[in-house]
Amino acid sequence: MNQERLMKVLVGPHVSEKGTMLADKHNQVVFKVIPDATKLEVKKAVENLFKVEVDNVQVVNVRGKMKRTGQNWGKRKNWKKAYVSLKEGQDIDFIGAE
């Protein structure tokens with residue numbers, strides 16, 4: 001796989017209440033990824049960027065919500081998120097403090 005492509009696959013971490021619970025209970029991390037990313041690309045990107053071992057990747061297409069501003073209706077963009085399960089003993093430190 002192309003290294004440039006792998007660097008662009010992960011958009012960023014998706015921080016939410018559900019994601020925090022998954023991190024605590026099941027050693028999973030949630031990432032926002034580009035819409036055409038595959039499971040294998042996400043796995044390779046996480047392993048290369050964070051130097052961890054990935055056990056499993058699940059990908060979800062999230063539909064954009066309909067929103068209203070006054071009388072006008074609009075739609076947010078569709079996006080994709082990936083649930084990345086890490087192997088036992090592995091951890092991702094987003095802050096970078098050691």
Side-chain angles (χ1 to χ4, degrees):
M1 276 180 222
N2 190 357
Q3 286 289 60
E4 290 180 34
R5 167 80 177 166
L6 290 180
M7 296 302 264
K8 294 178 183 177
V9 168
L10 298 179
V11 176
H14 182 68
V15 180
S16 65
E17 191 171 344
K18 180 180 177 182
T20 305
M21 289 189 320
L22 287 172
D24 292 339
K25 289 185 181 179
H26 303 291
N27 201 22
Q28 286 186 332
V29 184
V30 184
F31 288 100
K32 188 172 184 178
V33 296
I34 59 175
D36 60 340
T38 64
K39 290 182 180 185
L40 186 59
E41 287 177 335
V42 172
K43 180 178 179 178
K44 296 287 184 188
V46 171
E47 287 177 344
N48 287 342
L49 285 174
F50 298 106
K51 307 295 185 232
V52 294
E53 294 180 25
V54 175
D55 186 31
N56 189 20
V57 176
Q58 295 174 330
V59 180
V60 179
N61 287 314
V62 181
R63 294 184 54 178
K65 294 181 179 179
M66 293 294 293
K67 290 293 183 175
R68 183 175 157 170
T69 307
Q71 293 180 341
N72 301 327
W73 283 89
K75 183 178 179 294
R76 290 186 180 169
K77 285 184 177 181
N78 297 335
W79 56 286
K80 188 181 257 190
K81 66 180 169 180
Y83 293 94
V84 178
S85 298
L86 302 175
K87 291 191 178 178
E88 281 295 323
Q90 301 289 315
D91 189 27
I92 293 179
D93 184 21
F94 291 111
I95 298 172
E98 294 182 17

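In this text, all values refer to a predicted model and were calculated from it rather than measured experimentally. If you read the sequence from its start, that first residue is 1, and numbering goes on from there.
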**Prompt:** Under the 4.5 Å side-chain heavy-atom rule for ILVMFWY, direct or indirect, which residues accompany M66?
**Reply:** W73

Tabulate below the donor-acceptor pairs under 3.5 Å that side-chain atoms of residues 35-61 make, not counting sequence neighbours, or state none.
residue, atom, partner, partner atom, Å
T38, OG1, E41, N, 3.3
E41, OE1, R5, NH2, 3.0
E41, OE1, T38, N, 3.2
E41, OE2, R5, NE, 3.1
E47, OE2, V54, N, 3.3
N48, ND2, K44, O, 3.4
K51, NZ, N48, O, 2.9

**Request:** Kindly state each residue pair satisfying salt bridge (Lys or Arg N to Asp or Glu O under 4.0 Å) with at least one member in residues 65-81, sequence neighbours excluded.
**Result:** none

**Request:** Spell out, yes or no, whether V62 and V30 are grouped together once hydrophobic residues are joined by side-chain heavy atoms under 4.5 Å, including indirect joins.
**Result:** yes

Return a table of donor-acceptor pairs under 3.5 angstrom between the side chains of residues 7-27 and protein atoms on other chains or two or more places apart.
residue, atom, partner, partner atom, Å
S16, OG, G19, N, 3.1
T20, OG1, S16, O, 2.8
N27, ND2, L86, O, 3.4
N27, ND2, K87, O, 3.2
N27, ND2, Q90, O, 3.4

**Message:** List the residues meeting side-chain hydrogen bond (donor to acceptor under 3.5 Å, both in side chains) with D91, not counting sequence neighbours, and say none if there are none.
**Reply:** none

